[in-house]
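These notes concern the structure reproduced below.
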Amino acid sequence: APGVLWVSEFGGYDVLSYHLQLPREWLALGSMQPLEHNAYSYMPNLVECVFMHLAVWRGGAVEAAYASQLFSAACAVITAFILCRITTRLTNKPDNPANLVPGVVYLLTPWTMVTGSMAYTEQAMMLFGAAAALCIVHIGQSDDNTPTMRLALTCGLLLGMACLCKLTAATMIALPLLAVLASPQLHANRGKHLAIALVGTVIVCLPWLMRNALWTGNPVFPLLASDFGTAHWSAEQATRWATAHAPPPPGEWFARLRDHWLTDLQFGVVIWPAAGAALLLCRKDDDYQPISKAIAVLVVIQLAGWLFTTHQQARFLIPMLGPACVAIGLAVHRLPRTGLLIGGGLFSVWMVFICLGFYMHPVQRGAVHLIGGHRIAQQQIEPYRSLNDEEIVPAGSRIYAEGFATPLYVNPPIDYHTVWDTSQLGMAIKDRGSIRGGIDWLREAGYTHLLVDFAMITRWTSEENYGYDPNFTRDHLQAINQLGLQARLLSESGGIVLYRLTHAGD
């Protein structure tokens, strides 16, 4: 269930805070709307729209969580199939079982397993990117009867879809593949192909750009807020977002490449050396040499995109798995069958061992008992168990949350905000000049409970972390404790406290 698996994803924090939470709120509102308390509502959210449709069919976002995860799994499987298809086209050996290698490698990679078993956006992005790459392969192998202009337009449309799944696809998938499409070796009409593909990409992205422009005045909000407008944010919020999502100083890049790419266990470690050796092997083959050059260019642009345009998370490197798997698949065609069986067997055992290692991590040891229904997760995981208990939070209550931004399983009405957005309590404290004044504002606004996640606020406000609304500080946390409000500790390890806001005697 979302919230119990994968340490690297903090138990699916993003799923609980926006991948499924946004569809839940949009359904309650009756339409897609800007949510000033959740900055992620301004992202393209193509996959979240898929989850919203699934939620309509299943009767709610929580009820659709497994369907959404199965959608990601299906995207991963189809991506693997497309990678096999690309290899088959490049080798022109349709009956060779080695064509299955890229798909097998892709599905055995722990990052594929992690993102393909959660309601995430990566696998849909990879599906569209792989399909666009297949279009380019068809263009490169075209004859006089091949409708290459149609293929170029299809490629552009698919690249636009990949960008709407996840914006990092712009530099990790779209830009590298467009560079390959413009290669002189690919086709004589490369200029026309590139122009048509660009038009297709822009056409697909226009609805998001127009929607955001109407909502905020900035077509790419919350990106480039200092250049195109901060919308409802303050300059401090825009700066905090930009700083957190900017590349780290160049002096840290080598360590990032080492830790998040070359030695990251969730990439299996052996994949990158195998892909490098595969490219060297393909360069010695006259038939594969142009292909190896194209893959090398693709990878270099992807690495540059990761270094210069992202905040360098390991998960953002998943698009590099595509060309790496294809390169390995091409090289396997040149290996003797005995070597293939031995090497493939050892590789498979190693990758399965790593995946099982992640699954059996002590933090996840109870996850297997929670697979079987969201009600179990909802009733056993804090703070959801207590928040959904009417003896603790009576019917008709209304909760205001500070620091808690994963409300997917919470049944009572709850108002929250992400780390990037404005703290309404912080603003009330500032306007009224005291903590007690802020608490009075909550009461006047109709809130019956205050939920505070001390651990998350402490983490966010720690040095070199995201920061938090400066109107709500760590000092306010201590001051709240001194007001004498009735308090209940919901999660000792998480530091989550529920305060009752009703006056004494009520």
Check for a donor-acceptor pair, side chain of [X] on one end and backbone N or O of [Y] on the other, with a separation under 3.5 Å.
X: Thr406; Y: Ser17; value: no
X: His476; Y: Thr473; value: yes
X: Thr201; Y: Leu159; value: no
X: Gln302; Y: Pro319; value: yes
X: Thr216; Y: Ala213; value: no
X: Arg443; Y: Thr448; value: no
X: Asp421; Y: Ala39; value: yes
X: Glu9; Y: Trp6; value: no
X: Asp453; Y: Thr458; value: no
X: Arg488; Y: Tyr499; value: no

*Tell me, please, which residues at least two apart from Glu236 pass salt bridge (charged side-chain N to carboxylate O under 4.0 Å, His left out).*
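Arg240.
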*Would you check, one step at a time, whether the test side-chain contact (heavy atoms from CB on, under 4.5 Å) holds for Glu25 with Leu35?*
CA-CA 9 Å; Glu25 294 187 49; Leu35 306 175; 3.6 Å; yes
*asked:* Is the ring pair His245/His311 parallel, tilted or perpendicular, if the boundaries are 30 and 60 degrees?
replied: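 Plane angle over 60°, so perpendicular.
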If every non-hydrogen atom of [X] is compared with every non-hydrogen atom of [Y], which pair is closest and at what distance?
X: Cys165; Y: Val47; value: SG-CG2, 3.7 Å
X: Leu498; Y: Leu387; value: CD1-CD2, 4.1 Å
X: Tyr409; Y: Pro2; value: OH-O, 2.8 Å

Who are the side-chain contact (heavy atoms from CB on, under 4.5 Å) partners of [X], not counting sequence neighbours?
X: Arg256; answer: Pro248, Glu252, His260, Trp306, Gln312
X: Thr309; answer: Thr171
X: Val56; answer: Leu27
X: Asn471; answer: Met427, Lys430, Asp469

*Between the side chains of Asp431 and Trp441, does any donor sit under 3.5 Å from an acceptor?*
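No, because no side-chain N or O of Asp431 sits under 3.5 Å from a partner of the opposite role on Trp441.
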Atom pairs and distances, side-chain donor-acceptor, residues 392-404, under 3.5 Å, sequence neighbours left out:
residue: Ser397; atom: OG; partner: Pro394; partner atom: O; Å: 2.6
residue: Arg398; atom: NH1; partner: Ala445; partner atom: O; Å: 2.7
residue: Arg398; atom: NH2; partner: Asp415; partner atom: OD2; Å: 2.9
residue: Arg398; atom: NH2; partner: Tyr447; partner atom: OH; Å: 3.2
residue: Tyr400; atom: OH; partner: Glu402; partner atom: OE1; Å: 2.9
residue: Tyr400; atom: OH; partner: Gln424; partner atom: N; Å: 3.1
residue: Tyr400; atom: OH; partner: Leu425; partner atom: N; Å: 3.0
residue: Glu402; atom: OE1; partner: Ser423; partner atom: OG; Å: 3.0
residue: Glu402; atom: OE2; partner: His417; partner atom: NE2; Å: 2.5
residue: Glu402; atom: OE2; partner: Ser423; partner atom: OG; Å: 3.1
residue: Glu402; atom: OE2; partner: Tyr468; partner atom: OH; Å: 2.6

*Are Asp264 and Arg315 ion-paired here, with the side-chain N under 4.0 Å from a carboxylate O?*
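No salt bridge links Asp264 with Arg315.
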_Set out, in order, the CA-CA distance, both residues' side-chain angles and the distance that settles ring-ring contact (aromatic ring centres under 6.0 Å, His included) for Phe221 and Trp215, then state yes or no._
CA-CA 9 Å; Phe221 183 83; Trp215 282 357; over 10 Å; no
*Any chance you could lay out the ring-ring contact (aromatic ring centres under 6.0 Å, His included) test for Trp253 and Phe308, step after step, and finish with the verdict?*
CA-CA 10 Å; Trp253 288 8; Phe308 289 99; 5.0 Å; yes
*Does the ring of Trp261 carry Arg258 above it, NZ/CZ under 6.0 angstrom from centre and within 45° of its axis?*
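Relative to the ring axis of Trp261, which defines the angle, Arg258 lies outside at least one limit.
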